[in-house]
Amino acid sequence: MTTLALSNSLIAASPTMTNMSSKITLIAPEILLFLGAVLVAVLGLSRNAALRRSVPMVTAIFLAGSIVVTCWVYRTDAVATSGLMLPMLGGYAKTLIAAIGILLVMLAGPSVDRRLEEAFDTGRASFDPIRVMRGEYFSFFLLSIAGTMLLANANDLIWMFLALELASLPTYVMVAVSRGTRRAQEAAVKYFFLGALSAATFLYGFAMLYGATGTLELPVMAERLATQSATTGISALAILGGVLAILGIGFKLAAVPMHFYAADVYEGASSPTTAFLGFVPKIAGVLALMILLSTFGYSGHSTVAGGSHIALPGLPAPLTAVLWMVAVLTMVLGNVAALLQSNVKRMLAYSSIAQSGYLIVGLIAGPQSGYDAVLFYLLGYGVTNTAMFAVLASLERHGEDVETLDDLAGLRTRHPVLAWMLAASAISLIGMPPFIGFFGKLALFSSAIEAGQTTLVIIAAVCSAISAFYYLQLVAVPMFGQPNARTETVQAVPSRWPRFAAVVCGVGVLVLPLGLAKLVAFASSSTEPSAKVAAAPSDTTASDAANLAAR
Amino acid sequence: MLDPASIQPAVVSIPAAIPSPEFAWAGLILLLPVLAAVLSTICGARGVKGKLPGAITSIALIASFVTTLMLFLRLPDDAPRTVHLFDWVAFAWSGTAPNTSFLAPFALYVDSLTLLWMLFVTGLGSLISIYATEYMEADVGKGYARFFASVAFFLFAMGALVMGGNLIVLYLGWEGVGLASYLLIGYFYTKPSAVAAAKKAFIMNRIGDLGLALGGFLIWTNYGTVEYDALFKAISSGAAPAANASAWGAWAIPYCLMLGAFGKSAQIPLFVWLPDAMEGPTPVSALIHAATMVTAGVYLIARMFPLFSLDPNALLVVACVGCLTAFVAATIGMAQYDIKRVMAYSTVSQLGYMFLGLGVGTTFGAVYHVFTHAFFKALLFLCCGAIMHGMAGQLDLRKLSGVRTVKGFGIISWTFFIGCLCLAGFPFTAGFFSKDTIIAQAFASGNPTFAWLGWVALFTAFLTAYYTFRVWFRVCAGPQKYEAGDEVHSHDDGAHDAHGHDDHGQAHGHAHGHAHGHAHGHAHSHAAAHAHSHDWHPHGPRWAINGVLLVICIGALLAAVPSYNGELQHKPNWVETMVAHSSAASGIPSHEHAAHGHEAGAAAHHALSFTGIEDVHTATSVVASAVGVLGICVALWFHLLNRTAADKLRAALLSNGLTRWLPLLLENKWYVDEIYHAVFRLPSWFLGHVLHFLDKQLIDGLLVNGGARVPVELGRLFQPLYNGALQGYAATMAGGIALIAAWVFWIWMHGG
């Protein structure tokens, strides 16, 4: 927990004291989640089984509370005085993260420590505070979400680095404790080492940026980069720093070439943890990239070629090239590799890689419509991703996760609701109307076309077509497959929460487009310059989440 | 003399529609059938055994009719009204005017044309659903709910088609009635011929629907709107079509719409589906395939008449196609033995008259004929249905005779007779007035082409009278003689139970082909040929069928009243007023008045001058009456007084090498099905097989599977990288970063 202490001290030491109070106001939701993390950690160690069992509920309540606080905070004028690059970014992002977080709690709640608690109940084992993991798991769960939320407020590179680490470090532990198998531990170790490599990469990049501009504060850095661009061109050091930072942060998105861990880690972790990994680090990476790319600015750059300035719109050309390359490789590799998988979790790992590719397309498109589209896409992706893993988390065979396609064959005959939800979310991920995934892709691709990235959109569309092949397996196998001896032993887990989450998300995939205009407006408010258009708290996502929390 | 070219695109101002939210209750006309359809479906799903679905549907449709009537009584007829029900399709974007939006709210456009149509659609719909509650009773608990759900859905779709305020709602209704028609033709889905007929109807209609869809699209590209009000405003203001419209696009609009109309209304070349559609239950034939749905094409052209009046050539095509269809279908109808088929061809033929009316420029005549035809043709079909119902599915006019004298068939026979009089155009019946309006206009227009069409129409009127009374004289008159059809069944009220007689040695198994859907649990022991031999008795209908027949018969007679007012008492013809106050009158009023104005001068020249009657309308009436009566007399001779003469004539024609083509051609329906089979189906079949082969081998084999193998192999190529070893992952990641960084530097160095 040294990280936490360090981050607090650095916040206090932030050079611009003028907007300190507004910054504190803006991170009120995160502060609430920190408190929650402490409380949950203590509760989880209680000898009282009822208290231990209340941990997921308390976690969900704190997440709901953070939604309420977020809605309140982003209506105050703290936003206007915060001096952030994208002051309104947090309003939507924090609400979204916390709302999806509540659904993820429903998945994880019953699964963590299930065997151990059963053993305690039946008296096969006596309570041992060393062995219970629930408190730690949900404590880390909240910390990781808090770190992701903090990214939305990042205003200097140190904050950004610490927030990224706060979002990532807990997930390594979560993978390790999610199920007590060696595979999970192996996955955690891989995840940790590769994560460290990526952290080193983007920290190196940050250092170069600091060296090239002489500041850590992003608004100041943006000014200096603009000055450089207008006079001598952006220095090679800054460009290299940017490239390394992008590639390093790409690890959070599982973007090529930092994607190697994804399949192994997704497979090794329990299904609820995989659902978490598929969403929270991804949105952290996207937020970090948005802020970083905004620092470089999309508003026109000039390069010096042959002694003369050539003005170019958008990001500096090398950065665009890197993002372009990464996006294409990520989409192609993710979709092609997913074709080969028979393990559903590995397939979804590659699918999540591919989805990151689409997100990068939106990032290339630029700050207004592109960012809006990316943020809106994340909503659809978050819901759909949760629905898929919720279906997996609802099933087990002899107490083990259900993982292969064969296990799902003929699911419809025995668990029709789960099969339908899986089908709905798979079709949504393909991007079929009228599901939410269609509108997400529509917004993303049209923003890229507006930005002139037609080739990229064509590649993305082809990749989408390829993706239909494996997503449709998730429809066809459960719906039309023949149940066999192996599937006979697949049964639903005793807890109804994962099923409930599956139904909520599966229905949400179909129902959310009904509130499309409001949701898009809410996502678009993120890139508004100030607090004027803070979305009403009665927005669908927020109220959905609040309703869920109330249950 | 007035030739079509001189009919200028008369700037007839169609009054701008008045938005009338206070009439939002008119939406009930559409909502009630939907409710009935939903409730009937629920009944079907819950397995209700009883007549509940029939009752629900009848009550809902009657309520819908009453609502229409209230709308008719309350609506001031000064201008069309638009009733915006809810936003439906709304797209807007930036672009070149006027194509900057695509708006199709779910709105109603109510003018007198709409009301006229909806009155007979909902009125006949209610009556026929009452009739069907009795007619379909053998299916209670099985298809009963399905039948009424489809009928109620049909009424909704027809309502949307007629009342919709834009082409998109019209298209919704258009496809909806097509779907309902498909479902109901294929109602006896265990019977292959019914399934084939349903598919044929559906596919033929698809061809027409393509035309309508293209027409709607072209209207949008040319005028920037699909809403009637805005469209009429654009046309009557004489505004040039949009800047980005193409000349051929504007030119093609009426022809595309025409294709749609010809498909739905069974005109050449898309008429062959309608006779086959008689596979559906008879109430369906009466409602959908005679009275309402098939007139949708006439409605479309009448509604879009402002567009058609811009192009006299388009109207000429409509007239020619209509006249040709009327003639061809009448000749086929002469030679059919199945009385429902005769009526089906007669429907095609009468629809031809309606298109002729539209083409020669009397929308009033066309609409009036739709109106009268709806009543008398529904009546005729319901009579055929009642006979079929009572005679165990017998429809062959050679096997029925003297039904008039069979107990319980009196009302059927005499209402049938009145229906036949109307269809034959017997003087002073409704059909007489409406048909003569059309034929007279063909002569009065002064266009020599139209005059020729008028002569053909007159000859067709003779054929019509002949084939109509051929049926009646054969079936209802003459000595009493009948054979049961192939679906002998008893009714609960039947005195005898013909079932369970396995002991009488004639257990021929089940020869009944479910032409009627009577899949009884009883053991049927009659085959068609022997059905008459034992306990079978024809049974007359009860109150629901008889009552409806009487009401529709009175309706068919009363349909002539507007003309009595118009012609004899010199009061304005009610239907004519209705049509004149709608968009269908665009381009017409000047024309009508001009024609009347010309009469004095043109009187001496009109085509029927030989009668010595100056007024062309009167002359037509006289000639048409004479022709009609002549047709009836011929039928009387051949089919009642001297029935062998007909057979002898046929044999004589067949034996003579020079004339044998005539009966063969007519009996084989001009070989149209065979021609279509040879010209369209066989090449399609062949092409389909070739394409299938190519698809399997080339596309699936080489491109798809081969193409799919590329990514798979690509994936395999990289799989060794994913060996799970941490060092490998880390090294590859670092290598990747280094490669990309180097590549970027290369770009940067080159100033890209």
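Naming convention: chains lettered A, B, ... in sequence-line order (proteins, then strands); numbering from 1 in each chain.
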Is it the backbone or the side chain of [X] that comes under 4.5 Å from a heavy atom of chain B, or both, or neither?
{"X": "A/Leu244", "result": "side chain"}
{"X": "A/Thr320", "result": "neither"}
{"X": "A/Leu247", "result": "side chain"}
{"X": "A/Met325", "result": "side chain"}

More than 12 heavy atoms from other groups under 6.0 Å of [atom1] on [X]:
{"X": "B/Tyr189", "atom1": "OH", "answer": "no"}
{"X": "A/Phe192", "atom1": "CZ", "answer": "no"}
{"X": "B/Phe86", "atom1": "CZ", "answer": "yes"}

- request: Considering non-hydrogen atoms only, spot the tightest contact between B/Ala741 and A/Leu240 and give its length.
  value: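 So the two residues come closest at CB-CD1, 4.1 Å.
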Less than 4.5 Å apart, side chain to side chain, heavy atoms only: is that true for [X] and [Y]?
{"X": "B/Tyr729", "Y": "A/Asp264", "value": "yes"}
{"X": "B/Ile740", "Y": "A/Pro257", "value": "yes"}
{"X": "A/Phe251", "Y": "B/Met733", "value": "yes"}

query: Does the pair B/Leu726 and A/Glu186 meet the rule for a side chain to side chain contact (heavy atoms under 4.5 Å, CB included), with working shown?
result: CA-CA 10 Å; B/Leu726 184 59; A/Glu186 185 193 326; over 6 Å; no
- request: With sequence neighbours excluded, tell me which residues meet ring-ring contact (aromatic ring centres under 6.0 Å, His included) with B/Tyr182.
  value: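 B/Tyr182 satisfies ring-ring contact (aromatic ring centres under 6.0 Å, His included) with B/Phe202 once adjacent residues are dropped.
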message: Tell me which of these, A/Leu319, A/Val322, A/Leu329, has more heavy-atom pairs under 4.5 Å with chain B than the rest.
response: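 Ranked by heavy-atom pairs under 4.5 Å with chain B, first place is A/Val322.
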